[in-house]
**Student:** 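This is the structure, below, for whatever I ask next.
Here is the naming used below: chain letters follow the sequence lines, and residue numbers restart at 1 for every chain.
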Amino acid sequence: MLLDDVADASARVAATRSRLAKRAVLVDVLRRAAADGPDDVAIVSRYLGGELRQRRTGLGWRSLTGMPLPADAPSLTVGEVDAAFAHMAGLSGSGSSTARLEAARALFAAATEREQHLLRGLVSGELRQGALDALLLDAVAEAAGVPADVVRRAAMLAGETEAVAVAALGASSPSAARTALDAFTLTVGRPVRPMLAQSAPDVPTAVAQLAGTGDAPAVPVVVDTKLDGIRIQVHRDGDEVRVYTRSLDDVTARVPEIVAAVRALPAHTLVLDGEALALDAEGRPRPFQETASRSATRDADLAASATLTPFFFDVLHVDGHDLLDAPLRERLAVLDRVAAPHVVQRVVTSDPAVAAGHFRSVVAAGQEGVVVKAADAPYEAGRRGAAWVKVKPRHTLDLVVLAVERGSGRRAGTLSNIHLGARDPAGGFVMLGKTFKGMTDEMLAWQTRRFRELEVADDGWTVTLRPEQVVEIAFDGLQRSTRYPGGLALRFARVLRYRDDKSAAEADTIDTVRALVAPT
DNA sequence: TTCCGACAGTGGGGTCGCAAT
DNA sequence: ATTGCGACCCCACTATCGGAA
């Protein structure tokens with residue numbers, strides 16, 4: 001199949017907002033790829049889902065500036081394109097950047113304008129066609145003539161879409177496709193997509209939001225402690241242990257202490273879901289930045305400077321028994337039996353006051369919050385279902401908008417991303433970060449007008465403002481920063497509302513912000 | 001007919017490793 | 001030694017479509 005066929009399909013997908021129409025386009029091109037064989041299905045399904053097959057190519061958005069002019073006529077096959085990226089991904093060592101850029105230039109020179117557009121989207125990870133993995137799975141289902149939930153479940157258990165698309169579209173009939181898809185089962189050593197949580201502002205709301213608890217009053221819910229670390233999925237088969245991140249990256253080699261901890265558990269085969277984080281001598285959590293540093297490094301000396309401790313909150317398999325479809329309360333009974341020293345603290349209660357009390361006590365202990373879970377829910381791999389709802393404390397500040405950046409994509413033409421400053425009692429403002437979150441379209445339109453009134457300079461990307469507009473900001477906490485002059489940055493800042501009832505002179509001060517930093 | 005679940009998009013700060021400067 | 005880039009940890013929130021109710 002030609003890359004041009006994929007580029008054409010992507011453009012047509014982007015051109016409509018109807019998901020059904022997008023799906024129809026995807027179905028058509030998937031069927032044509034299937035006629036060209038499984039290799040083309042593998043590549044085309046990846047590209048339609050917005051990804052390259054190579055996880056890391058060494059190319060990014062920046063590298064793609066200054067590519068050659070497009071070719072007049074299409075000639076590239078998807079197989080040639082995949083081979084070109086595989087070559088680039090394999091380059092390493094001195095001179096590799098130059099060689100990689102050369103290879104990219106050769107590829108782009110052979111690509112037409114719409115093919116170049118597709119390639120840029122794939123390399124940058126921003127295809128912006130309004131369809132990614134989920135819609136692609138629907139299209140695979142329709143193209144293969146099987147129910148969408150069968151394809152979805154296969155993809156969740158496979159931890160990826162490509163192999164599922166190849167299996168479904170390589171089958172000679174819908175019933176053969178179904179058989180091929182049913183062969184994707186939980187396999188020890190192959191990661192599944194992790195179950196995700198919705199969020200709620202407080203514990204009572206979270207309980208009310210919970211699905212699967214029925215409408216009877218006083219149904220017990222599970223209230224798990226939410227730890228501020230990195231998500232881990234650990235597979236054990238005898239002495240063989242593998243550790244995967246939330247995006248299913250294999251990080252086994254970086255976390256020997258987790259491997260050792262799981263090897264010591266009383267089970268032969270295991271699949272566990274949990275969180276790993278750095279603790280201090282008293283067992284209190286260290287700041288997330290330390291956990292991130294420890295888990296990202298491959299340097300042995302750096303790794304020795306801190307230890308990650310695993311805590312598990314779910315078990316998907318133990319000694320030949322799959323537990324995905326078992327209710328949470330049964331999975332937890334098994335978890336407590338096989339992972340006792342490394343289980344997340346929880347309470348199970350039907351009393352909202354007890355649930356709220358647990359939230360307060362874990363936050364006081366320095367933890368991130370809680371996850372409220374329906375006790376009868378299965379493990380829904382890959383879903384952000386209403387069976388798990390997280391609750392974290394929220395802080396707010398009244399800050400001043402110092403500048404604003406132009407938006408892109410659907411925010412093109414608006415002033416979007418605002419720079420946030422706290423008042424300095426000595427004069428001026430101290431920038432603490434930026435945010436684009438929490439804005440409605442109406443707010444975007446309003447602020448685009450408002451900030452033009454306050455404009456003092458415009459470099460074509462960032463508009464500098466007179467510091468007059470006050471905005472109420474919610475955030476999760478403060479972190480150390482080398483980027484900002486106050487040495488502090490807001491974590492997960494989002495706009496709650498603009499405050500026209502306050503002047504900049506009444507905004508919160510940097511001293512107030514510093515007082516929020518927990519003593520270490 | 002209205003409601004709501006799921007999805008895609010729009011970016012945020014920080015960390016590391018690596019190659020180029 | 002420093003800098004810039006790419007990759008990947010953590011992530012909140014809104015708009016939209018289309019099936020469910």
Side-chain angles (χ1 to χ4, degrees), chain A residues 14 16-23 50 55-63 89 91-101 123-138 148 152 196-199 201 211 228-232 245-249 251 254 275-277 287-299 302-303 368 382-386 390 392 394 405 407-412 414 416-420 432-444 474-484 488-496:
Chain A
T16 174
R17 293 210 304 203
S18 162
R19 290 204 277 262
L20 294 175
K22 289 176 191 285
R23 189 177 74 188
R55 183 148 183 163
R56 46 207 317 167
T57 58
L59 285 179
W61 185 86
R62 191 71 194 220
S63 306
L91 293 169
S92 68
S94 181
S96 60
S97 298
T98 312
R100 187 154 37 227
L101 269 183
V123 168
S124 69
E126 295 181 346
L127 194 52
R128 291 174 169 164
Q129 62 179 13
L132 291 171
D133 191 61
L135 198 48
L136 180 65
L137 285 173
D138 279 352
R152 180 186 297 271
L196 306 173
Q198 298 184 350
S199 56
D228 192 10
I230 62 161
R231 186 84 177 260
I232 51 169
T245 64
R246 183 188 140 144
S247 61
L248 310 187
D249 206 15
V251 292
R254 285 184 248 164
E275 193 91 359
L277 73 169
F288 175 75
Q289 284 164 307
E290 290 183 29
T291 291
S293 168
R294 170 61 189 82
S295 59
T297 189
R298 294 160 198 276
D299 182 282
L302 227 173
E368 192 180 20
R383 302 287 301 281
R384 192 180 292 281
K390 61 183 164 185
K392 299 190 279 185
R394 192 189 74 171
E405 297 173 18
S408 64
R410 75 177 297 279
R411 290 193 179 187
T414 69
S416 172
N417 192 12
I418 58 176
H419 296 197
L420 305 168
L432 292 171
K434 311 178 191 179
T435 187
F436 57 90
K437 294 171 181 164
M439 295 158 184
T440 62
D441 285 1
E442 192 181 4
M443 288 168 77
L444 278 166
F475 61 102
D476 276 21
L478 291 155
Q479 51 193 345
R480 277 199 345 269
S481 174
T482 54
R483 174 180 315 222
Y484 293 114
L488 285 176
L490 303 176
R491 193 170 179 205
F492 310 142
R494 58 269 191 191
V495 171
L496 292 180

**Student:** Between C:dC8, B:dC16, B:dA8, which one does the side chain of A:Arg56 approach most closely?
**Tutor:** C:dC8
**Student:** So do the side chains of A:Leu488 and A:Leu432 get within less than 4.5 Å of each other, counting heavy atoms only?
**Tutor:**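 Side-chain contact under 4.5 Å: yes.
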**Student:** What I'd like to find out is whether the side chain of A:Val495 reaches to under 4.5 Å of the side chain of A:Thr435, using heavy atoms alone.
**Tutor:**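 Side-chain contact under 4.5 Å: yes.
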**Student:** In this structure, how many angstroms lie between the C1' atom of B:dT15 and the CZ atom of A:Arg254, rounded?
**Tutor:**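 That distance rounds to 11 Å.
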**Student:** Taking everything shown except A:Arg254 itself, do over 12 heavy atoms lie less than 6.0 Å from its CZ?
**Tutor:**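 Buried by this count: over 12 neighbours within 6.0 Å.
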**Student:** Closest approach to the side chain of A:Asp249, judged atom by atom: which nucleotide of B:dG12, C:dC9, C:dA7 is it?
**Tutor:** C:dC9
**Student:** Does a side-chain N or O of A:Asn417 approach OP1 or OP2 of B:dT10 to a distance below 4.0 Å, or not?
**Tutor:** no
**Student:** Counting only side-chain N and O atoms of A:Thr297, is one of them less than 4.0 Å from OP1 or OP2 of B:dG17?
**Tutor:**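 Yes.
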**Student:** Is there side-chain contact between A:Arg491 and A:Gln289, with heavy atoms separated by less than 4.5 Å?
**Tutor:**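 SC-SC contact between A:Arg491 and A:Gln289 ruled out.
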**Student:** Would you check if A:Gln479 and A:Phe492 make a side-chain contact, meaning some heavy-atom pair closer than 4.5 Å?
**Tutor:** no
**Student:** Report which part of the nucleic acid A:Ser295 touches: base, sugar-phosphate, or nothing (heavy-atom distance under 4.0 Å, all strands).
**Tutor:**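 Since no nucleic acid heavy atom lies under 4.0 Å of A:Ser295, the category is nothing.
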**Student:** How many whole angstroms separate atom CG of A:Leu59 from atom P of B:dC18?
**Tutor:**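 Distance check: A:Leu59 CG to B:dC18 P gives 17 Å.
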**Student:** Go through the structure and list residues passing side chain to side chain contact (heavy atoms under 4.5 Å, CB included) with A:Ser408, not counting sequence neighbours.
**Tutor:**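 Testing A:Ser408 for side chain to side chain contact (heavy atoms under 4.5 Å, CB included), a comparison that skips the adjacent residues, returns A:Arg128.
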**Student:** Looking at the side chain of A:Gln289, which of B:dT15, C:dC5, B:dG12 is the nearest nucleotide?
**Tutor:** B:dT15
**Student:** Does a side-chain N or O from A:Thr98 land closer than 4.0 Å to OP1 or OP2 of B:dA20, or not?
**Tutor:** yes
**Student:** What's the CG-P distance between A:Leu91 and B:dA19, to the nearest Å?
**Tutor:**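 One finds 11 Å between P of B:dA19 and CG of A:Leu91, rounded.
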**Student:** Please confirm whether the shortest side-chain N or O distance from A:Ser18 to OP1 or OP2 of C:dG18 is below 4.0 Å.
**Tutor:** yes
**Student:** 5'-most contact on DNA chain C: A:Arg411 or A:Gly60, nearest heavy atom basis?
**Tutor:** A:Gly60
**Student:** Under 4.0 Å between any heavy atoms, over every strand shown, what does A:Phe475 touch: base, sugar-phosphate, or nothing? Just pick one.
**Tutor:**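 Counting heavy atoms under 4.0 Å across all strands, no contact is made by A:Phe475.
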**Student:** In this structure, how many angstroms lie between the P atom of C:dT16 and the CG atom of A:Leu20, rounded?
**Tutor:** 17 Å
**Student:** Round to the nearest Å and state the distance from A:Leu196 atom CG to B:dC7 atom C1'.
**Tutor:**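 After rounding, the reported distance stands at 13 Å.
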**Student:** Among the candidates B:dA20, C:dG18, B:dC16, find the nucleotide nearest to the side-chain atoms of A:Ser94.
**Tutor:** B:dA20
**Student:** Hey, is the side chain of A:Arg55 poking within less than 4.0 Å of OP1 or OP2 on C:dC8, counting only N and O atoms?
**Tutor:** yes
**Student:** Using a 4.0 Å heavy-atom cut-off, does A:Ser293 contact any base of the nucleic acid, only the sugar-phosphate backbone, or nothing at all?
**Tutor:**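 Sugar-phosphate: the residue A:Ser293, judged by heavy atoms under 4.0 Å, touches backbone atoms but no base.
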**Student:** Find the distance A:Gln129:CD to B:dA8:P and express it as a whole number of Å.
**Tutor:**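 About 10 Å, once rounded to whole Å.
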**Student:** Could you tell me whether the side chain of A:Arg55 reaches within less than 4.5 Å of the side chain of A:Asp249, counting heavy atoms only?
**Tutor:** yes
**Student:** Which residue lies toward the 5' end of DNA chain B, A:Asp299 or A:Leu490, if each is placed at its nearest nucleotide?
**Tutor:** A:Leu490
**Student:** Once you apply the 3.5 Å cut-off to both distances, tell me the Watson-Crick or G-U wobble partner of C:dA12, or none.
**Tutor:**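 Paired with C:dA12, as far as the under-3.5 Å criterion goes, is B:dT10.
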**Student:** Tell me whether the side-chain N/O atoms of A:Thr440 come closer than 4.0 Å to OP1 or OP2 in C:dC13.
**Tutor:**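 It does not, given that no N or O in the side chain of A:Thr440 lies less than 4.0 Å from OP1 or OP2 of C:dC13.
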**Student:** Looking only at side-chain N and O atoms, does A:Arg62 come under 4.0 Å of OP1 or OP2 in C:dC5?
**Tutor:**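 It does, given that an N or O in the side chain of A:Arg62 lies less than 4.0 Å from OP1 or OP2 of C:dC5.
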**Student:** When you get a sec, tell me which of B:dG13, C:dG19, B:dA8 is the closest nucleotide to the side chain of A:Gln479?
**Tutor:**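 Of B:dG13, C:dG19, B:dA8, B:dG13 is nearest to the side chain of A:Gln479.
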**Student:** Got A:Arg246 and A:Ile230 here, is their nearest side-chain heavy-atom distance under 4.5 Å?
**Tutor:** no
**Student:** What are the atom names and distances for every N/O pair under 3.5 Å that joins the protein to nucleotides 10-12 of chain C?
**Tutor:**
unit_1: C:dC10; atom_1: OP1; unit_2: A:Arg231; atom_2: N; d: 2.8
unit_1: C:dC11; atom_1: OP1; unit_2: A:Lys226; atom_2: NZ; d: 3.0
unit_1: C:dC11; atom_1: O2; unit_2: A:Lys437; atom_2: NZ; d: 3.4
unit_1: C:dA12; atom_1: OP1; unit_2: A:Lys392; atom_2: NZ; d: 3.2
unit_1: C:dA12; atom_1: OP2; unit_2: A:Lys390; atom_2: NZ; d: 3.2
unit_1: C:dA12; atom_1: O3'; unit_2: A:Arg494; atom_2: NE; d: 3.0

**Student:** Assign A:Arg394 to base, sugar-phosphate, or nothing according to its heavy-atom contacts below 4.0 angstrom with the strands shown.
**Tutor:** nothing
**Student:** Closest approach to the side chain of A:Ser96, judged atom by atom: which nucleotide of B:dA19, C:dC8, B:dG12 is it?
**Tutor:** B:dA19
**Student:** Of A:Ala292 and A:Gln198, whose nearest nucleotide on DNA chain B comes first from the 5' end?
**Tutor:** A:Gln198
**Student:** What is the separation between atom CZ on A:Arg294 and atom P on B:dT15, rounded to the nearest whole Å?
**Tutor:** 16 Å
**Student:** Any heavy-atom pair between the side chains of A:Asp441 and A:Arg410 that's under 4.5 Å?
**Tutor:** yes
**Student:** Can you tell me the distance, in whole Å, between the CG atom of A:Leu488 and the C1' atom of B:dG12?
**Tutor:**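 Atom CG in A:Leu488 sits about 16 Å away from atom C1' in B:dG12.
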**Student:** Of the candidate nucleotides B:dG9, B:dG13, B:dG11, which contains the atom at the shortest distance from the side chain of A:Leu132?
**Tutor:**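 Looking only at side-chain atoms, A:Leu132 lies closest to B:dG9.
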**Student:** Has A:Ser97 got a side-chain N or O lying under 4.0 Å from the OP1 or OP2 atom of C:dG4?
**Tutor:**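 No.
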**Student:** Which pair of non-hydrogen atoms, one from A:Gln198 and one from A:Arg384, has the smallest distance, and what is that distance?
**Tutor:** NE2-O, 3.6 Å
**Student:** From C-beta outward on A:Lys434, which listed nucleotide comes closest to its side chain: B:dG13, C:dC5, C:dT14?
**Tutor:** B:dG13
